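Down below is the structure, laid out as structure tokens.
For this chain, numbers begin at 1 and follow the sequence in order. Since this is a predicted model, take the numbers as computed values, not measurements.
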Amino acid sequence: ITPRQIQSFINGLAKDGPNEKTGKPLATKTIRHHLSLISDIFSYAVKMDVVSYNPCSKVTVPKGEQKEKKIYSVEEVKRFLGLLESEPLKYKVFFNLAVFSGFRRGELLGLEWKDVDFANNVISVRRTSCYTAQKGIYTDTTKTRKSQRSIKFPDAIMALLRQYKLELEGEAQRLGSKWVDTDRLFVKWNGEPMNNNTPYFWLNEFCEKHDLPFYGIHS
């Protein structure tokens, strides 16, 4: 296997087709992962004296098209938060936290009540909630060690959280043995962790209903 063959394969990942869901090129980060895997195999082969050198050392990843990330303006965010006032408390809390913290979706869904310090208005990220078709919903560590962080919130947000906690406690009492106590902030009807796609699809429908641009949760 020569550098030219590997370069041809890597170049092909940057063209239309490799993404089986969309038919588009793979993301630059994903292409790097592919090359890294091949390189690791060759590095081991060099170590074991199977080959004399790693051909991946001469391969470069094509630069993908840099697209400017769309984000909401301050005016759009103000309108967004105003429209949230008439929505279910669960989503009102979720998206207020998203706006005021910048927490990722998985970090928000991984929050537990033990992470909320009401006395000091501080919320700490200690884990993420993830989903795959194979595993379903599962808990994982944060993206990096630096992702484990604590942020202080305004009194209004903490008051909203107290109201939401009371609502969940009432729901748990109403459902009795049907309620699954996971300590998570954002849950399904029975207390089990919320699916990762739920806030994404809810936001999409919310934006359509109110004629707001939809840029995704992290915007």
> Can Lys92 and Tyr164 be said to form a side chain to side chain contact (heavy atoms under 4.5 Å, CB included), step by step?
Replying inline: CA-CA 9 Å; Lys92 190 176 172 182; Tyr164 177 53; over 6 Å; no

Using modelled atom types and a 3.5 Å cut-off, is there a donor and acceptor pairing between side-chain atoms of [X] and backbone atoms of [Y]?
X: Thr28; Y: Lys63; value: no
X: Gln173; Y: Gly170; value: no
X: Gln7; Y: Thr60; value: yes
X: Asn96; Y: Ile157; value: no
X: His218; Y: Arg104; value: no

> Looking only at heavy atoms, which two atoms of Phe103 and Arg149 are closest? And how far apart?
Replying inline: CD2-NH2, 3.4 Å

> So which heavy atom on Asn121 is nearest to which on Asp155, and how close?
Replying inline: ND2-OD1, 2.6 Å

> Taking Phe206 as the fixed residue, which of Tyr91, Phe80, Phe201, Phe94 is the one that meets the ring-ring contact (aromatic ring centres under 6.0 Å, His included) rule?
Replying inline: Phe80

>> Between Trp113 and Leu161, is the side chain to side chain contact (heavy atoms under 4.5 Å, CB included) condition met? List the steps.
In response: CA-CA 10 Å; Trp113 288 108; Leu161 270 170; 4.0 Å; yes

Hydrophobic clustering (ILVMFWY, side-chain heavy atoms < 4.5 Å, transitive) - are [Y] and [X] grouped together?
X: Phe214; Y: Val77; answer: yes
X: Leu83; Y: Leu89; answer: yes
X: Leu185; Y: Val122; answer: no
X: Val74; Y: Tyr72; answer: no
X: Leu168; Y: Leu166; answer: no

>> Taking salt bridge (charged side-chain N to carboxylate O under 4.0 Å, His left out) as the definition, give me every residue that meets it alongside Arg127, ordered by chain and number, with sequence neighbours left out.
In response: Glu112, Asp115

>> Does either side chain, that of Ser39 or that of Asn54, offer a donor lying less than 3.5 Å from an acceptor on the other one?
In response: yes

> Any side-chain donor-acceptor pair under 3.5 Å between Arg184 and Thr139?
Replying inline: yes

> Which distance, rounded to the nearest 0.5 Å, do you find between the CG of Leu203 and the CZ of Phe95?
Replying inline: 4.5 Å

> What about Phe153 and Phe100, are their ring centers closer than 6.0 Å?
Replying inline: no

> Pick from Leu97, Val116, Thr128: which one makes a side chain to side chain contact (heavy atoms under 4.5 Å, CB included) with Leu111?
Replying inline: Leu97

>> How about NZ on Lys58, more than 12 heavy atoms from neighbouring residues, nucleotides or ligands closer than 6.0 Å, or not?
In response: no

> Would you say Ile41 has more than 12 foreign heavy atoms packed within less than 6.0 Å of its CD1?
Replying inline: yes

> So Glu205 and Lys209, salt bridge (Lys or Arg N to Asp or Glu O under 4.0 Å) or not? Walk me through it.
Replying inline: CA-CA 6 Å; Glu205 291 179 3; Lys209 182 170 67 175; over 6 Å; no

> What do the steps show when you test Ser124 against Asp117 for side chain to side chain contact (heavy atoms under 4.5 Å, CB included), and what is the final call?
Replying inline: CA-CA 8 Å; Ser124 302; Asp117 179 358; over 6 Å; no

> Are Tyr44 and Met48 close enough, and set up right, to give a side chain to side chain contact (heavy atoms under 4.5 Å, CB included), and what steps lead you there?
Replying inline: CA-CA 6 Å; Tyr44 184 72; Met48 294 292 105; 3.6 Å; yes

> Is Glu171 paired with Lys178 through a side-chain N to carboxylate O contact shorter than 4.0 Å?
Replying inline: no

>> Both conditions, 6.0 Å and 45 degrees, for the charged tip of Lys135 above the ring of Tyr138: are they met here?
In response: yes

